[in-house]
Amino acid sequence: MSSLEVHAGVLGNSDGSCLYVVNGNKVITSVVGPIEAKARQELPQTVSLEVVVRPVTGLSNSREKLLEEKIRNLLQNIIIGFKYPRQTIQVVVQFLIADGRPEYTALELNMAINSAFYALVDAGVAMYKSFVSTVVAVPPEQGSSLIFDPSMEQIVASKSHHVVTYSVEHDECKIILLESNGLFEMKELKNILDAAKIQCLTVHEDVQRDVIESKLQQDYIWKS
Amino acid sequence: MSVILPGDDLGISTDQIETSIGPGIYKVPGIKDTKLIPINGGLLNIQRNKQGTRQAAHLESNSRRYIPQVSDMVIGTIVGVYAEYYKVLLQNFLSNVTLSVMAFPNATKKNRPNLRQGQCVYARVSSYIPDLETELECFDLSTGKDGGFGLLDESGYIFDVELNYARELLFNPGFLVLEKLSTKCMFEIAIGINGKIWLKCGDGVPIPGKSTDEDSDKMDVDYVKDLKTTLAAANYIKQCQKVSPEQFDKVLAASFKGL
């Protein structure tokens with residue numbers, strides 16, 4: 001079983017933020033916006049998204065740039081950009097503790113996507129639907145059950161591992177991101193997606209709803 | 001009120017009933033059937049009229065970023081002075097909005113307001129179209145008089161609060177924070193729902209450079225007292241957004257301790 005801790009609104013000076021801790025890995029995500037866009041990134045009809053991923057140590061390189069691109073493509077279809085023409089929304093993902101192995105990005109991508117959701121809701125950015133991400137690892141032994149939110153060791157040992165992101169809209173789930181790595185068959189993948197869907201719906205109902213509810217309670221504490 | 005996440009089913013039926021939607025609810029344009037979706041995480045609030053022919057729905061939530069709406073009353077800082085208009089900043093890093101020199105009471109080509117950079121105004125949002133620049137005005141539309149809008153005195157103190165708290169202070173007359181404050185001191189207040197509050201107790205904060213020779217009977221001690229009271233009152237208003245209503249009295253006593 002994995003341990004999960006989510007704190008929304010931890011940064012005082014950004015419009016939305018989230019501290020996300022899972023299995024000892026830690027990420028802090030901030031959202032600023034909608035704000036005035038720089039002239040070169042201004043889009044006349046929609047919002048321009050600026051995603052920055054920062055590694056635990058050192059400078060970001062092509063590995064982080066790839067993550068940024070994946071997150072940006074995902075958020076672009078979720079955020080209602082037409083509500084904020086000529087504006088910018090900045091999303092900064094800063095990893096604090098991560099099992100950083102250059103060849104595996106699954107855990108980091110998963111954490112970044114999940115924490116971005118809370119930070120965006122905290123910032124009050126308009127979104128078409130909610131989204132939840134999960135990592136599934138297929139253990140090497142035949143017939144053993146799938147591992148959700150695996151540790152880095154489990155990922156390295158696994159036959160294949162997958163980052164699956166579902167969007168949730170009235171209990172209707174759609175895959176919006178799938179990153180697979182390793183050896184697997186079509187049939188196997190179908191099972192994984194079905195299992196991941198159930199997992200994502202559970203997280204949406206139990207974790208996301210609770211976190212937002214407690215955030216709202218905190219925001220309206222002065223209301224009698 | 002129930003907690004709603006983006007994409008949830010709102011459970012609002014829109015046939016047979018005229019529906020107005022407010023913040024947090026969105027109708028996807030270009031689609032014929034009126035499907036309303038929530039776009040923020042918040043508390044659903046629906047109000048119906050007695051006949052059941054009209055309803056208004058919105059999501060109540062807090063965000064730190066201010067997005068203008070027509071008839072919002074806001075506090076802005078003048079950041080640019082031009083021949084025909086002023087550039088006004090409503091919140092850090094937001095696009096500037098314009099305030100025409102003609103948008104003042106009794107303004108004519110010859111009789112124009114004289115505002116400088118850095119001064120603050122209390123104004124009303126007169127036009128907000130996302131694709132265009134937002135415009136402000138500094139007079140009451142119904143009377144043509146100033147109606148409390150216009151330049152904010154520099155002896156006041158401006159501070160930031162949460163947007164939802166500013167809305168409650170301005171729109172809920174039953175909210176006790178200001179009523180309780182009035183038991184401690186006299187004050188003048190302007191609440192901008194862009195999360196800014198202008199506050200002045202007594203004669204407020206003395207303006208440096210402007211000597212006290214105008215009313216020389218007023219001692220420096222009095223100014224210090226007004227300054228202290230203003231800061232205490234501002235502190236009290238800021239603290240109240242983090243506590244439950246039962247603790248307002250305690251915060252008030254703590255803020256005004258020694259005054």
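Just so you know, these numbers use all the heavy atoms, side chains as well, and skip hydrogens, waters and symmetry mates. Residue numbers start from 1 in every chain, and the chains themselves are labelled A, B, ... in the order their sequence lines are given, proteins ahead of strands.
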[X] versus chain A, the contacting section by heavy-atom distance below 4.5 Å:
X: B:Pro23; result: neither
X: B:Ile37; result: side chain
X: B:Leu132; result: backbone
X: B:Phe175; result: side chain
X: B:Glu162; result: neither
X: B:Leu59; result: neither
X: B:Phe93; result: both

If you count heavy-atom pairs under 4.5 Å between each of B:Gly174, B:Ser95, B:Ser63, B:Pro130 and chain A, which one has the most? B:Ser95
Donor-acceptor pair, distance only, cut-off 3.5 Å: does the side chain of B:Ser244 make one with the backbone of A:Ile221?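 Checking the backbone N and O of A:Ile221 against the side chain of B:Ser244, no donor-acceptor pair under 3.5 Å is found.
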Please check this pair: side chain of A:Arg86 against backbone of B:Asp131, looking for a donor-acceptor N/O pair closer than 3.5 Å. yes
So if I apply the side-chain hydrogen bond (donor to acceptor under 3.5 Å, both in side chains) rule between A:Asp15 and each of B:Gln91, B:Arg64, B:Arg65, which one comes out positive?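 Filter result, single survivor: B:Arg65.
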Can you name the nearest heavy-atom pair linking B:Tyr26 to A:Tyr128, along with the distance?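 Scanning both residues completely, I find the closest heavy atoms to be CE2-CE2, 4.1 Å.
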Is it the side chain or the backbone of [X] that comes within 4.5 Å of chain B heavy atoms, both, or neither?
X: A:Gln208; answer: both
X: A:Tyr84; answer: side chain
X: A:Val32; answer: side chain
X: A:Pro34; answer: both

